[in-house]
Amino acid sequence: MQKIIGPLALPQNERGEAFAASNIALCKYWGKRDNELNLPQNSSLSLSLGHLGTHTIIQANAAKDEIYLNKENLGPSARFSSRLIAFLDLFRPMPDYFFRIETHNNFPTAAGLASSASGYAAMAKALNAFFGWRLDDINLSILARLGSGSAARSVYTGFVEWHRGEAEDGMDSYAEQLPASWPELRLAVLTVSGAAKSIDSRGGMRRTVETSTLYKAWPEKATRDIEAIRQAIREHDFERLGSTAESNALAMHATMLDSQPAILYWLPETVSVFHKIWRLRQEGVPLYFTIDAGPNVKILLEEKNEGIVRSEFCEAEIVNPFIFNRVNHFPESASGERRTAR
Ligand code: DP6
């Protein structure tokens, strides 16, 4: 950490403010080789979610840390706060220095989108603005990774690859944006259930690494898939992109099922969505899915099939990953001020 920000020092500004988009991995990060630094077993590749993400404001505070999530003042013992406070501890210029954090997600928490990805990326960027570190994106990605692995990718928009890296200190484990755009690509977020998961992704991947024998095959599968996805992006080959992403997600879930005790994030409705997508595909509609550590499904589609997805999955929220404008996507901040895009 010192390698990135130098010795701890007081902030140079009164406040820091930033936005980061959420992301969905097409080749998943599943399993760590270092639990403290969030160093992954495999490289991963994601697509950002356009205007859906987290907006964060950070200021100094007297006496204690104060944390607002979607305008609600969370106590220090809330799970969200304790994880965030542990992250903030890395940057305190002195032990009795405190922060006021206001953070908003503009997607429903129940949508099963990884709020820790956009959350810690927005936090790293806001800290950078607050302290005046002037970090480049690679160093921001490393800092965001210390909060949550998938946050390393949310520092960027579009297609993003997070390199596994080899170094023990993690200095070569960061994400970079792929120089590619695909304006016709869409991602539909389908909320099957908003109920809390029995085990979070951190606990799920730890159990998988420790107990699944199938997991041994995962890093090699991920390496093959990421190469296929890179090529599909280069060639705008939608079938290849979708089929590889779907297979990658199912293989990740196979390692979870093989864990002791088994982890199954799917609900009956999740499986029904899989069947429906497979049926539509057999009927000639090119739709593919991906799924993270939860019951909700993300459908990959092309713009020309938006109408079919809207009629077959009426609750789906269709996102254009290559629209980065977030004007008017945020409600008023906790302090009552209206925020606009920058
Ligand atoms: C299934 O990034 O939430 O969404 O590093 O412990 O915070 P931590 O885990 P997290 O894991 C995300 C797992 C995933 C796949 C992915 O986003 O690549």
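Counting starts at 1 for both ligands and their atoms, in listed order. Everything numeric here is computed off the predicted structure, so don't read it as measured data. Computed over heavy atoms, backbone and side chain alike; hydrogens, waters and symmetry mates excluded.
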Show which atoms of ligand 1 fall inside a sub-4.0 Å distance from at least one heavy-atom site of Ser201.
-> 3 (O), 9 (O), 10 (P), 11 (O)
Can you list the ligand 1 atoms lying under 4.0 Å from a non-hydrogen atom of Ser150?
-> 2 (O), 3 (O), 10 (P), 17 (O)
Judging by distance only, is a nitrogen or oxygen of Arg202 under 3.5 angstrom from one on ligand 1?
-> yes
Nitrogen or oxygen of Gly147 less than 3.5 angstrom from that of ligand 1 = no
Has Arg83 got any heavy atom lying under 4.0 angstrom from an atom of ligand 1?
-> yes
Would you say the side-chain atoms of His55 and Glu102 include a donor-acceptor pair closer than 3.5 Å?
-> no
How many angstroms lie between OG1 in Thr157 and CG in Leu47, if you round to the nearest 0.5 Å?
-> 10.0 Å
Judged by non-hydrogen atoms, does Arg153 sit under 4.0 Å from ligand 1?
-> yes
contact_flag Ser44 ligand 1 heavy-atom lt 4.0 Å = no
Taking all atoms of both residues into account, what is the closest heavy-atom pair of Arg186 and Pro321, and its distance?
-> CA-CD, 4.1 Å
If you count the atoms of ligand 1 from 1 in the order shown, which ones are under 4.0 Å from a heavy atom of Asp292?
-> 1 (C), 4 (O), 14 (C), 15 (C)
Nearest heavy-atom pair of Lys32 and Val209: which atoms, and what distance?
-> N-CG2, 4.1 Å
Can you sort out which atoms of ligand 1 are near Ser116, meaning under 4.0 Å from one of its heavy atoms?
-> 3 (O)
To the nearest 0.5 Å, how far apart are CG in Leu301 and OH in Tyr288?
-> 12.0 Å
Hey, does the side chain of Asn296 reach the backbone of Val192 with a donor-acceptor pair shorter than 3.5 angstrom?
-> yes
CD (Gln282) with more than 12 external heavy atoms under 6.0 Å = no
